[in-house]
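What you see is a predicted model; the values in this text were computed from it and never measured. Counting starts at 1 for both ligands and their atoms, following the listed order.
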Amino acid sequence: MNKVLVVEHPVLQTYLTVLRNKETKTAPFRKAMASIGNILAYHALADLPLQSFEIETPIQKTNGYCPARDVIVIPILRAGLSLVDGIINFIPDAKVGHVGVYRNEETHEPVNYYDNLPPGLANGYTLVVDPMLATGGSGSHALSYLKKAGATDIHFVCLIAAPEGIERLHNDHPDVPIITAAIDEKLNSQAFIIPGLGDAGDRYFGTL
Ligand code: PRP
């Protein structure tokens, strides 16, 4: 499938500028992240299947709709948590699971350190969430792990993707579409995305 959707909505681009700006403090950084999570969720859920059922308005009977499958949001800890508020604000019934992966700063290889997954992955519509797709190591690792746990219909939602990370996910998981707010230039020698926004987790949690 190898699908990448770059959400170029003008409002989203203004929030992304707030996040990229190194002068932005923690509070506006969090607010912009939540707003972007909301907009990304709107696009990432565009293919969510519906089922219809009969309701009655005050005037007459008509058809209503609800999701045919559970929406399952899985942030890759830690930074993935930053987009969750905005996403569940858009779809408050979503289940939320967690996968902990950090990137070893010397080898850049992903290391699993936590998981807590909701039941029903096999029939769910799953959004795996991480603001930064750099080498793609963490994302690919998390996707393999979730597929082993039964997830099938998975969408990868990020804020900024490097071409290297997109290529890695496409090679390892061609069935998983990527929804992102931007594709940046490349990785630097420390495998940081440039221009990027720095370390999303540290900026969001105020741990710089
Ligand atoms: C960052 C980021 C991604 C990962 C991206 O997490 O949030 O999870 O690196 O890099 P990759 O595509 O090369 O794997 P980090 O390891 O800094 O951990 P954190 O989320 O706990 O801040």
Side-chain angles (χ1 to χ4, degrees), residues 2 4-6 15-16 18-20 22 24-26 29-30 32-34 36-37 40-41 44 72-87 96-117 126-149 151 154-174 176-208:
N2 282 2
V4 182
L5 172 66
V6 183
Y15 285 127
L16 182 55
V18 172
L19 296 179
R20 286 191 192 276
K22 69 176 185 180
T24 300
K25 301 273 190 286
T26 307
F29 191 90
R30 288 178 174 157
M33 198 65 105
I36 288 184
L40 289 175
I72 302 174
V73 181
I74 303 189
I76 301 176
L77 305 181
R78 203 184 34 149
L81 288 171
S82 62
L83 287 167
V84 172
D85 277 356
I87 294 173
V96 180
H98 298 86
V99 171
V101 181
Y102 72 86
R103 190 173 70 162
N104 181 305
E105 291 196 355
E106 274 152 31
T107 64
H108 309 311
E109 287 300 314
V111 182
N112 232 74
Y113 64 91
Y114 181 76
D115 77 80
N116 189 330
L117 302 176
T126 299
L127 306 183
V128 176
V129 180
D130 193 330
M132 310 305 279
L133 177 62
T135 65
S138 308
S140 179
H141 184 80
L143 290 172
S144 299
Y145 182 77
L146 291 168
K147 286 178 177 176
K148 266 192 213 131
I154 312 177
H155 303 69
F156 192 87
V157 179
C158 61
L159 187 65
I160 300 180
E164 295 88 335
I166 291 174
E167 192 182 342
R168 171 82 187 264
L169 285 203
H170 277 170
N171 285 337
D172 296 356
H173 302 282
V176 176
I178 299 169
I179 297 93
T180 185
I183 300 175
D184 272 9
E185 196 187 323
K186 59 176 181 177
L187 300 178
N188 69 11
S189 56
Q190 278 87 48
F192 266 88
I193 300 174
I194 54 172
L197 54 72
D199 188 313
D202 280 340
R203 294 192 67 194
Y204 183 83
F205 289 108
T207 50
L208 279 169

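- Counting only distance, with no hydrogens or angles, the side chain of N188 and the backbone of Q190 share a donor-acceptor pair below 3.5 Å.
- Among the atoms of G136, some N or O lies under 3.5 angstrom from an N or O of ligand 1.
- Of the charged side-chain nitrogens involved, none lies within less than 4.0 Å of a carboxylate oxygen, so that D130 and R78 do not count as a salt-bridged pair.
- Each of V73, L81, I179 was scored for a side-chain contact (heavy atoms from CB on, under 4.5 Å) with V129, with one residue passing: V73.
- At a threshold of 4.0 Å, the pair R168-D172 counts as salt-bridged, since one of the basic side-chain nitrogens sits closer than that to a carboxylate oxygen.
- Here the heavy atom of the protein found nearest to atom 13 (O) of ligand 1 is T135 OG1, 2.5 Å.
- Shortest contact from atom 5 (C) of ligand 1 to any protein heavy atom: M132 O, 3.5 Å.
- For the pair I74 and L127, the minimum side-chain heavy-atom distance is 4.5 Å or more.
- For atom 7 (O) of ligand 1, the closest non-hydrogen atom on the protein side is D130 OD1, 3.0 Å.
- Atom 1 (C) of ligand 1 lies below 4.0 Å from none of the non-hydrogen atoms of the protein.
- The heavy-atom pair separating H155 from P177 by the smallest distance is CD2-CG, 3.5 Å.
- Among all non-hydrogen protein atoms, the one lying nearest atom 20 (O) of ligand 1 is A79 N, 2.8 Å.
- Using a 4.0 angstrom heavy-atom cutoff, P110 does not count as in contact with ligand 1.
- Of all protein heavy atoms, the one lying nearest to atom 4 (C) of ligand 1 is S138 OG, 3.6 Å.
- Residue A134 has at least one N or O atom closer than 3.5 Å to an N or O atom of ligand 1.
- Although no hydrogens or angles enter the test, the distance criterion places a donor-acceptor pair under 3.5 Å between the side chain of R203 and the main chain of L19.
- Less than 4.0 angstrom separates some heavy atom of D199 from each of these atoms of ligand 1: 17 (O), 22 (O).
- Looking only at heavy atoms of the protein, atom 22 (O) of ligand 1 is closest to R78 NH2, 3.1 Å.
- No donor-acceptor pair closer than 3.5 Å links the side chain of H98 to the backbone N or O of L117.
- Closest protein heavy atom to atom 9 (O) of ligand 1: R103 NE, 4.1 Å.
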